[in-house]
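Source: prediction; values computed, not measured. Atoms within a ligand are numbered from 1 in the order they appear, just like the ligands themselves.
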Amino acid sequence: MLLKFIFKGEDKLIEETKKIIFVGGKGGVGKSTSAAAMAWNLSQKDYRTLLVSTDPAHNLGDIFDCKIGGSIKSVTTKLFALEIDPDIETETYIQRVKSNIKGIVHVGMIEEVHRQLDTAKASPGADEAALFDKLISIILEESENFDRIVFDTAPTGHTIRLLSLPELMGVWIEGLLQKRQKANKNYSQLLNDGEPVEDPIYDVLKTRQARFSKVREILLDSAQTEFYFVLNAERLPILETKKAIDLLGQYSIHVNSLIVNKILPVEADGVFLEKRRAHEQEYIHKIKKMFKDQKFVFVPLFSEDIMSRRGLAEFSTYLERG
Ligand SMILES: Nc1ncnc2c1ncn2[C@@H]1O[C@H](COP(=O)(O)OP(=O)(O)O)[C@@H](O)[C@H]1O
Ligand SMILES: [Mg+2]
């Protein structure tokens with residue numbers, strides 16, 4: 001009786017009305033599977049859907065049994081997928097910065113600036129900045145081409161950094177802008193008879209700031225964006241999910257839904273599994289007590305890996321049970 005209740009879940013999880021969906025969680029819990037199942041489900045309902053993987057350990061290609069890679073590929077007429085490659089994105093990002101500063105930096109300085117940018121490419125954080133830029137351009141530009149965008153994100157720590165970046169970068173750019181404004185004011189008073197000076201760097205920063213705040217607005221708007229976390233009924237994924245949800249909360253991002261994956265199915269029998277199931281029960285109670293502000297569904301452990309479209313379709317039925 002209890003088990004029946006467990007599999008029934010609490011709510012219908014697939015949010016048809018939300019334009020942007022983020023799926024996060026610890027490695028191996030079933031993020032890519034959940035994101036792919038959701039994207040599959042939406043595309044089957046005739047939404048033109050883009051599935052984006054930001055986890056360097058991509059496996060969307062395996063799930064759909066076709067090569068995906070760094071540019072948008074069509075899986076079916078309604079489903080499209082993209083695996084963002086951090087190395088390529090970092091290279092593109094640095095190239096873009098180089099071309100942005102052309103004409104801004106004094107010719108004699110260009111070589112030195114390029115050398116520094118090439119060093120920056122290898123520094124920690126460059127990957128994230130590049131990935132973030134790509135994410136922003138997908139959210140802002142690809143929104144026009146797709147009805148739904150599902151992000152299969154990197155394991156928890158990364159996701160949080162990425163999602164909190166608009167906030168952090170916003171503050172950082174604001175600081176830079178103020179500094180530049182002050183410098184320009186002094187400069188124009190001193191050298192330009194008080195006339196305002198043209199400042200291309202200021203303009204570049206201003207454009208970036210506008211893009212960040214637009215994305216932030218979209219991410220924080222619960223009518224447009226939904227955040228899901230996937231976890232298993234085990235100690236560490238539960239603790240990590242709790243930590244992640246609290247942290248995202250600090251950036252005003254509310255994780256609405258949890259997918260508790262790989263629950264032992266009712267038909268699994270034997271003394272060993274019986275014991276394991278009793279243990280699992282304790283964790284399930286813990287999850288229900290700990291996550292009062294989230295709705296959640298339970299997905300059973302399948303007898304095989306989920307590697308076919310049929311498997312995804314079956315998986316997605318569990319996300320829809322109300
Ligand atoms: N409910 C499930 N039943 C059986 N296998 C599953 C289930 N969910 C995920 N898997 C399998 O577990 C492995 C890890 O899942 P994946 O979605 O790649 O995790 P993540 O993206 O979180 O690292 C994959 O081989 C996948 O097929
Ligand atoms: Mg994955």
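The protein atom (non-hydrogen) at minimum distance from atom 7 (C) of ligand 1 is I306 CD1, 3.3 Å. Looking at atom 19 (O) of ligand 1, its nearest protein heavy atom turns out to be G30 N, 3.2 Å. Given atom 3 (N) of ligand 1, the protein heavy atom at minimum distance is F302 N, 2.7 Å. The nearest heavy-atom contact from the protein to atom 22 (O) of ligand 1 is K31 N, 2.7 Å. When hydrogens are left out, the protein atom nearest atom 11 (C) of ligand 1 is D305 OD1, 3.8 Å; that is the closest non-hydrogen contact.
Hydrophobic clustering (ILVMFWY, side-chain heavy atoms < 4.5 Å, transitive): V230 and F302 are in one cluster.
In this structure, of T33, L312, N261, the residue bringing a heavy atom nearest to atom 8 (N) of ligand 1 is N261. Distances from atom 21 (O) of ligand 1 to the heavy atoms of A36, S303, S32 put S32 nearest. When the heavy atoms of G28, P265, G311 are ranked by distance to atom 23 (O) of ligand 1, first place goes to G28. The option from E314, K262, K26 that lies nearest to atom 13 (C) of ligand 1, judged by heavy atoms, is K262.
When side chains are defined from C-beta on, I245 counts as touching L258, because their heavy atoms get closer than 4.5 Å. For the pair I138 and I84, the minimum side-chain heavy-atom distance is below 4.5 Å. When side chains are defined from C-beta on, I306 does not count as touching I63, because their heavy atoms never get closer than 4.5 Å.
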- Query: What's the verdict on side-chain contact (heavy atoms from CB on, under 4.5 Å) for V260 and L231, showing C-alpha distance, side-chain angles and the deciding distance?
  - Reply: CA-CA 5 Å; V260 191; L231 70 161; 4.1 Å; yes
- Task: Determine, step by step, whether N256 and S222 satisfy the side-chain contact (heavy atoms from CB on, under 4.5 Å) criterion, reporting the C-alpha distance in whole Å, the side-chain angles of both residues, the deciding distance to 0.1 Å, and the verdict.
- Result: CA-CA 9 Å; N256 230 346; S222 59; 5.7 Å; no
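For F291 and F296, the ring centers sit 6.0 Å or farther from each other.
Using bins of under 30°, 30° to 60° and over 60° for the plane-to-plane angle, the ring pair F227/F22 lands in the parallel bin.
Only the side chain of N59 comes within contact range of ligand 1, with a heavy atom under 4.0 Å; no backbone atom does. Only backbone heavy atoms of P300 (N, CA, C or O) come within less than 4.0 Å of ligand 1; its side chain stays farther off.
Checking S32 against the Mg ion (ligand 2), an N/O/S atom falls under the 2.8 Å cut-off.
Side-chain atoms of N41 and Q44 include no donor-acceptor pair closer than 3.5 Å.
Those atoms of ligand 1 with a heavy atom of E304 less than 4.0 angstrom away are 4 (C), 5 (N). Within ligand 1, counting atoms from 1 as listed, the ones closer than 4.0 Å to a heavy atom of F315 are 1 (N), 8 (N). Applying the 4.0 Å criterion to heavy atoms of L301 picks out, from ligand 1, the atoms 1 (N), 3 (N), 4 (C).
In this structure a side-chain-to-backbone donor-acceptor pair under 3.5 Å is present from T49 to Y47.
Ligand 1 has no N or O atom lying under 3.5 Å from any N or O atom of D152, backbone or side chain.
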